[in-house]
Amino acid sequence: MKKIELELIALSQGITPNQSFAVVLGAKHGLRRVPIVIGTVEAQAIAMAADDLKPPRPLTHDLIKNICKEFDIHLREVVINNLIEGIFYARLYCEKNNEILEIDSRSSDAIALAMRFKCPIYTYESILDQAGIVFEEPQPVPTSSKKSSATKDDVSYYSIEKLQEMMEKALEDEDYEKAARLRDEIKQRR
């Protein structure tokens, strides 16, 4: 079966009462997208890796990466290999001593690990046929604009130094969404 490489397109919060998230993966060479509903913790883990945020202490996926490094295990690829009753399944393909190890994983955890190991994520044509959404044209990425009136989340009037302090505090408090917003504001100004 031919594998199709995927890339992270978006991570969005759902509008359902349980506040689930969706990670959207897209075919690297194509217009099909696959939305996968994931939990809050996994969304946070994926967002942190995508934004290259380092928590003060290792979170679960960081710990797994540290353990693999210590035992000379390399995550080579992730394959979202099955879709049963709306649930995606994944396999981790790891290498140790030139031997390939195949490990069952939730797709959200597999994506979070792939982001940390910077390894490719694949799926099969049949899964894209079942769950893929085809966009006829590439979708423009919305850009944010400054609000004319200040809100409690408006950080435009803070100095870069103050933003840096606020970001460090947000990381300590494990408020990674706020930390990512602050980091984006700092990057935008530089």
Roughly how far, to the nearest 0.5 Å, is the [atom2] atom of [Y] from the [atom1] atom of [X]?
X	Y	atom1	atom2	value
E7	H29	CD	NE2	8.0 Å
D51	R181	CG	CZ	11.5 Å
I111	I46	CD1	CD1	5.0 Å
L128	L83	CG	CG	10.5 Å
N98	I100	CG	CD1	8.5 Å
F88	I36	CZ	CD1	4.5 Å

**Study point:** side chain to side chain contact (heavy atoms under 4.5 Å, CB included) between L8 and M115, worked out
**Key:** CA-CA 9 Å; L8 179 68; M115 299 292 293; 3.8 Å; yes
Check your understanding: What residues, two or more places apart in sequence or in another chain, satisfy side chain to side chain donor-acceptor pair (under 3.5 Å) together with D52?
Key -> K54
Please name all residues satisfying salt bridge (Lys or Arg N to Asp or Glu O under 4.0 Å) with [X], sequence neighbours left out, ordered by chain then number.
X	value
E95	R76
E5	K28
K169	D173

Review point. For I9, which fellow cluster members are found when Ile, Leu, Val, Met, Phe, Trp and Tyr are connected by side-chain heavy-atom distances below 4.5 angstrom, either directly or through intermediates?
Key: V24
Review point. Which other residues belong to the hydrophobic cluster containing I67, where Ile, Leu, Val, Met, Phe, Trp and Tyr are joined when side-chain heavy atoms lie under 4.5 Å apart, directly or via other members?
Key: L63, F71, I73
Point to revise | V37 reachable from L25 in the ILVMFWY side-chain graph, under 4.5 Å edges | key: no
**Study point:** Path from Y93 to M1 over hydrophobic side-chain contacts below 4.5 Å
**Key:** yes
Practice item. Check whether more than 12 heavy atoms from other residues, nucleotides or ligands sit under 6.0 Å from atom NZ of K96, and answer yes or no. Key: yes
Practice item. Mark yes when over 12 heavy atoms from residues, nucleotides or ligands other than E102 sit less than 6.0 Å from its CD; otherwise mark no. Key: yes
Practice item. Enumerate the residue pairs fulfilling side chain to side chain donor-acceptor pair (under 3.5 Å) with a member in residues 105-114, sequence neighbours excluded, ordered by first and then second residue. Key: E42-R106, H61-D109, R106-D109
Check your understanding: For residues 118-128, which residue pairs qualify under side chain to side chain donor-acceptor pair (under 3.5 Å), counting only residues two or more places apart or in two chains?
Key -> R32-E125
Any residue meeting side-chain contact (heavy atoms from CB on, under 4.5 Å) with [X], in chain and number order, not counting sequence neighbours:
X	value
I64	T60, C68, L113
I103	L92, C94
D104	R91
P55	M48, L59, D62, Y176

Work out which heavy atom in [X] is nearest to a heavy atom in [Y]; give both atom names and the distance.
X	Y	result
I80	I127	O-CD1, 3.2 Å
A114	I121	CB-CG1, 3.6 Å
F21	A43	CG-CB, 3.5 Å

